[in-house]
Protein chains: 2
Amino acid sequence: MQEQEQEHERDTVDDIVDQWSRTRPELNSQPIALIGRLRRLNVRVDTALREYFAEHGLDSSEFDVLATLRRSGEPYELNARALLKSAMVTSGAITNRVDRLSAKGLVERNPCPNDRRAVLVRLTPAGKDLIDAAMPGHVRNEERILAALDPEERVQLDALLKKLLVAHGDTERL
Amino acid sequence: MQEQEQEHERDTVDDIVDQWSRTRPELNSQPIALIGRLRRLNVRVDTALREYFAEHGLDSSEFDVLATLRRSGEPYELNARALLKSAMVTSGAITNRVDRLSAKGLVERNPCPNDRRAVLVRLTPAGKDLIDAAMPGHVRNEERILAALDPEERVQLDALLKKLLVAHGDTERL
DNA sequence: AGAACTTATCTCAACGTTCAGATAATCAAC
DNA sequence: GTTGATTATCTGAACGTTGAGATAAGTTCT
């Protein structure tokens, strides 16, 4: 079997690890557990974020585009390339997202004066109002998601995740 | 601006946090950073796992089903309900996955003797051989993904993720 | 037994993404 | 300046998931 922390509740990954140690005990179960937890937590977090975005009539991908434009500062305008790098999706996905947001009147496409290949996507006033109204609640929602950790634990977790991200090359300048 | 750890490389989320503190400085940036890192890391990990699965002719969802059946122990057989809970997807997704794996000859559907509504999905010998051959490399791949953390840091990260998972109710018995 | 409810799985349309490829513009080098 | 390579975006088919609903079987209550 596997050593368990007696004083804490078991999670689903504990069971998964137990199953592996019964059936393939020679496999190193620590990375299975750690990456399993990372992925399962991500699903839970996704769900919690999506529920909040839906209150504002948005899905996660739309919220992400609006937030990226908003945090870029005035004039709240970026080209598609910047949006796809920030979102870690393909160019086709950005085309579709901008199409949808544009149909909702939250962003508009403008030709880029310097580069006629490029398109500048800009928040409309309605888009800015929406994301400005939604952000404080979004952050409160994120705080709620992390509520189980005390301040020191949050700093620890953030540092560990960052260390892995740096190792994986997630260091592009925006 | 934001306090930075001077001795470590910056990651993309550091830039995102800087942008927010310039344009909406009153927002609490810690949860933005932490959840942003969790989600970005998950994308990187997904990609790294998928690349390995592809070497064995599988995608992530197929690997997940085979691994779930394998770790359940002999006779490597579960009903669809158990598979969807483990994978955190809907029943329709499991139907499709089992269809695909069945077409590849890696699993087979059998009627459940006790409950005629239920279907038992079982690894075929070919399916068992494939997942048994793939697991050691998969674990080595996961170890590589985590290579930037020393043993103590891995234990810390695992404990923090587990704490959040328990708080979010990821505690179903398998 | 019969009715009402729950559970297990499958079906199918809608949707968003990826992947490959098309188009068009810019840049580099000769 | 023209050729060739690169960059920016869009297009469209293929794919997997979701969500709602259908079917069928098991369960509970009277």
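Just so it is clear, the values below take in all heavy atoms, side chains as well, and ignore hydrogens, waters and symmetry mates. Keep in mind that what you see is a predicted model, and the values were worked out from it rather than measured. Proteins get letters first, then strands, A, B, ... in listed order; numbering begins at 1 in each.
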Trainee: Do the charged groups of B:R10 and B:D18 touch, with an N to O distance under 4.0 Å?
Mentor: yes
Trainee: Does any part of the side chain of B:K128, heavy atoms only, come nearer than 4.5 Å to the side chain of B:R70, both counted from C-beta?
Mentor: yes
Trainee: Could you state the CG-P distance from A:D46 to C:dT17, rounded to the nearest angstrom?
Mentor: 12 Å
Trainee: Apply the test salt bridge (Lys or Arg N to Asp or Glu O under 4.0 Å) to residues B:E26 and B:R24: give CA-CA distance (whole Å), side-chain angles for both, the deciding distance (0.1 Å), then the verdict.
Mentor: CA-CA 6 Å; B:E26 80 285 6; B:R24 300 276 323 249; 2.8 Å; yes
Trainee: Between A:R116 and C:dT26, is there a contact of a side-chain N or O with OP1 or OP2 at under 4.0 Å?
Mentor: yes
Trainee: Under 3.5 Å, which N/O atoms of the protein pair with N/O atoms of nucleotides 15-22 of chain D?
Mentor:
residue: D:dT17; atom: OP1; partner: B:R97; partner atom: NE; Å: 3.0
residue: D:dT17; atom: OP1; partner: B:R97; partner atom: NH2; Å: 2.8
residue: D:dT17; atom: OP2; partner: B:R100; partner atom: NH2; Å: 3.1
residue: D:dT18; atom: OP2; partner: B:T90; partner atom: N; Å: 3.0
residue: D:dT18; atom: OP2; partner: B:T90; partner atom: OG1; Å: 2.9

Trainee: May I ask you to check whether B:H138 and B:F63 place their ring centres under 6.0 Å from each other?
Mentor: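 Centroid separation for B:F63 and B:H138: below 6.0 Å.
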Trainee: Measuring only between side-chain heavy atoms, which start at C-beta, is A:L106 closer than 4.5 Å to A:I131?
Mentor: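 No, too far: nothing below the 4.5 Å cut-off.
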Trainee: Can A:D59 and A:R100 be said to form a salt bridge (Lys or Arg N to Asp or Glu O under 4.0 Å), step by step?
Mentor: CA-CA 11 Å; A:D59 66 21; A:R100 273 179 276 146; 3.2 Å; yes
Trainee: Taking side chain to side chain donor-acceptor pair (under 3.5 Å) as the test, write out the residues that go with A:R140, two or more places apart.
Mentor: none
Trainee: Regarding A:N42 and A:R39, is there a side-chain donor-to-acceptor distance under 3.5 Å anywhere?
Mentor: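 No, no side-chain donor-acceptor pair sits under 3.5 Å.
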Trainee: Rounded to whole angstroms, how far apart are CG on B:L120 and P on C:dA8?
Mentor: 12 Å
Trainee: Give the nucleotide from the list D:dA8, D:dT9, C:dA8 with an atom nearest to the side chain of A:D115.
Mentor: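 From the listed options, D:dA8 comes nearest.
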Trainee: With a 4.0 Å heavy-atom cut-off, tell me which residues in residues 64-84 of chain B come close to DNA chain C, sorted by residue number.
Mentor: B:N79, B:A80, B:R81
Trainee: Respond yes when some side-chain nitrogen or oxygen of B:R117 is under 4.0 Å from OP1 or OP2 of C:dT6, and no when none is.
Mentor: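 No, outside the criterion.
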